[in-house]
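The next block holds one structure in the form of C-alpha cells; read it before the comments.
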Amino acid sequence: MSDRSKQWLLISAGAVFGSLSTLAVLKLSHRYYAKRHGKSLPNGALAEDDGTNGKASNEDLVRNFVETDMLADEIVSEQLTRNIQFFGLESQRKVTQSFVVIIGLGGVGSHAASMLLRSGVGRLLLVDFDQVSLSSLNRHAVATREDVGTPKALCLKKHFSLIYPECQIEARVQLYDSSSEEEILSGNPDFVLDCIDNIDTKVALLAACVRRGLKVLSAMGAGARADPTRIRIADLRESTNDPLSRAVRYRLRKDYGIDGGFSVVFSLEKPKVKLLPFQTSKEEEKPLDYQIVPGFRVRIIPVLGTIPAIFGQVMATYVATQLAELSVQTEPVVNLDLDHYRILHQRLIEHEEILYGSADEVLVDIEEIVYIVKELWRGRSARDQNQKDIGRKMWRSVNELMLVRWDQSKPATVSNLVLLKFSEADAHESTDLDRIKEEEPEFYTMVTRTLNRAEIDFAL
C-alpha cells in the first residue's frame with residue numbers, strides 16, 4: 001500500500017471514530033434527559049423548557065438533588081475528571097452534593113459562581129437585584145453585549161446552563177434584606193458567599209449568617225486595587241488596609257455584637273484611587289434617576305477588572321476545597337518585620353544558655369524562626385490563638401513573647417518550639433507533657449497537631 005493510501009486510510013478511520021464518539025455523547029445526553037425528566041426526545045431534538053422549570057416546590061428540588069448522584073453520569077464524570085483526579089472521587093462527590101448561595105453577582109460574585117459551577121457544585125442559588133450594564137463587561141465572568149439590560153441572576157443562569165446543565169440552578173432577581181432572609185438563606189446551604197458592595201446589606205447578611213450558624217465567606221473591597229499578590233483570606237478581625245473591612249467590623253460590633261469569627265477575602269494594598277462622583281452627559285439628569293434601589297450608591301468605584309475576577313477565583317477555590325474537606329493552610333496576616341524575628345531568635349538563644357548552659361541545641365535559623373512564628377503560631381501565643389491582636393497591637397505583643405521547647409528532652413528544632421508569653425513559658429517549663437496531656441487535653445492536641453505540621457512541611 002502506498003504512503004498516500006495509508007494517509008487516506010488513517011484519515012477515514014479518524015473520521016469514523018469521531019462520528020462514533022459524537023453518537024455516543026448524543027446517546028448519553030438523550031439517556032440523561034430521559035432519566036432526569038421522565039420522557040424521551042425524538043432523535044436529534046434539543047431539550048426545551050416544558051414550562052415547569054422553576055415552578056417545582058423547594059421540597060421537590062431538594063429531594064431530587066439529594067437523591068441524584070451526578071458523578072454516576074458519564075458525561076458529568078468526564079467533565080469533572082481533573083477535579084476528581086485532584087480531590088479524589090469521594091471528595092469530589094461531596095462538592096457535587098453541595099448547595100451554595102451566592103449573593104451579589106457583579107465582578108466578584110460572577111467569577112466565584114462561575115468557577116464553583118465548573119468545579120461541579122450541584123446546586124446554586126444566585127441572587128442579585130441588579131442588571132448587566134455596558135460598563136460592567138470589563139469584569140463580569142460571562143456577560144456579553146447581548147446581555148446588557150438583563151438581570152445578572154438570569155444572565156448567569158442562561159450561560160451556566162450551557163456549561164453544566166446538570167447543576168440545579170435557581171436565579172432570584174431580588175434584593176437581600178430582612179424580609180427576604182428566610183427565603184434566601186433557608187434550605188441549609190453548605191456555604192454562603194457574600195459578594196455585596198452595599199455596606200448596609202452586607203452587614204445584615206453577615207449578621208444573619210452568624211445567627212443561623214451558616215458558613216459564610218465575605219468579599220471586602222476589590223475596587224481601586226491593582227496588586228493581585230496582596231489578596232488574602234483571613235478572619236474579619238485580621239483584615240487590614242481595607243476601608244470596607246473597617247466599616248463592616250465597626251457596624252457588626254456596634255449593631256449586632258459580632259466580633260469576627262468568619263473568613264473574608266481582602267487586599268493588603270491600600271486603594272490606589274478614590275471614589276468618583278456620578279457624572280452624566282446632561283445637566284438636567286439627576287443621579288437618583290439611575291438608582292435601581294433607593295439608597296444604593298450613585299458614586300463610581302474605579303475598578304481594574306482583573307482584581308474582582310481574582311477575588312472571585314480566590315473565593316471559589318477556598319469554598320471548593322472546604323466542601324471537598326481538603327486541608328489548606330491560608331497564609332496568615334502577621335504584621336512583623338525581620339527585626340522582630342531576630343529579637344525572638346536572640347531571645348531563644350539567651351534563654352537556652354541560661355536554662356541549659358549553652359545554645360548548642362538551638363537548631364533553627366532566622367528563616368525557620370519566621371516559619372515558626374508566622375506560619376505555625378500566627379504571631380500569637382500558643383495559648384492565645386483567638387486572632388484579636390493585629391497591626392500595632394501585634395508588634396507590642398512581641399515584647400511579651402518567647403520561643404521555648406515543647407518537649408524539654410528534645411532539641412530546639414522547628415517541630416519542637418512553641419510561642420508563649422513570658423509567664424506562660426515559666427509555667428510550661430515547670431511542668432511536663434504528661435501532666436499537660438492529662439489536665440489540658442485540647443491544648444495538648446492542638447499543639448501536637450501544629451508541630452506535626454512542621455514535621456510534614458520540613459519532611460522531618
Would you please indicate yes or no on a ring centroid separation below 6.0 angstrom for Tyr371 and Phe458?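 Close enough - the centres of the two rings lie under 6.0 Å apart.
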Please check this pair: side chain of [X] against backbone of [Y], looking for a donor-acceptor N/O pair closer than 3.5 Å.
X: Gln322; Y: Val319; value: no
X: His345; Y: Glu367; value: no
X: Glu181; Y: Ala208; value: no

Establish, from distance only, whether the side-chain atoms of Thr144 and Asp147 form a donor-acceptor pair under 3.5 Å. yes
Are Glu424 and Ser381 close enough that a side-chain donor and a side-chain acceptor fall under 3.5 Å?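 Note: Glu424 and Ser381 side chains meet the donor-acceptor criterion.
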Heavy atoms, side chains only, cut-off 4.5 Å: are Cys209 and Phe262 in contact? no
Do the non-hydrogen side-chain atoms of Val373 and Trp377 ever get within less than 4.5 Å of each other? no
Does Arg383 count as lying over the ring of Phe443, i.e. NZ or CZ under 6.0 Å from the six-ring centre, within 45 degrees of the axis?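 Yes; both conditions hold, so Arg383 lies above the ring face of Phe443.
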Cation-pi geometry met for Arg225 and Phe266 (6.0 Å, 45°): no
Check ion pair Glu90-Arg93 (N to O, under 4.0 angstrom):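 Arg93 and Glu90: salt-bridged.
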Please give me the minimum heavy-atom distance between Ala412 and Glu352, naming the atom from each residue.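 Here Ala412 and Glu352 meet closest at CB-OE2, 4.1 Å.
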Determine the minimum heavy-atom distance between His140 and Gly106, stating which atoms define it. CD2-O, 4.3 Å
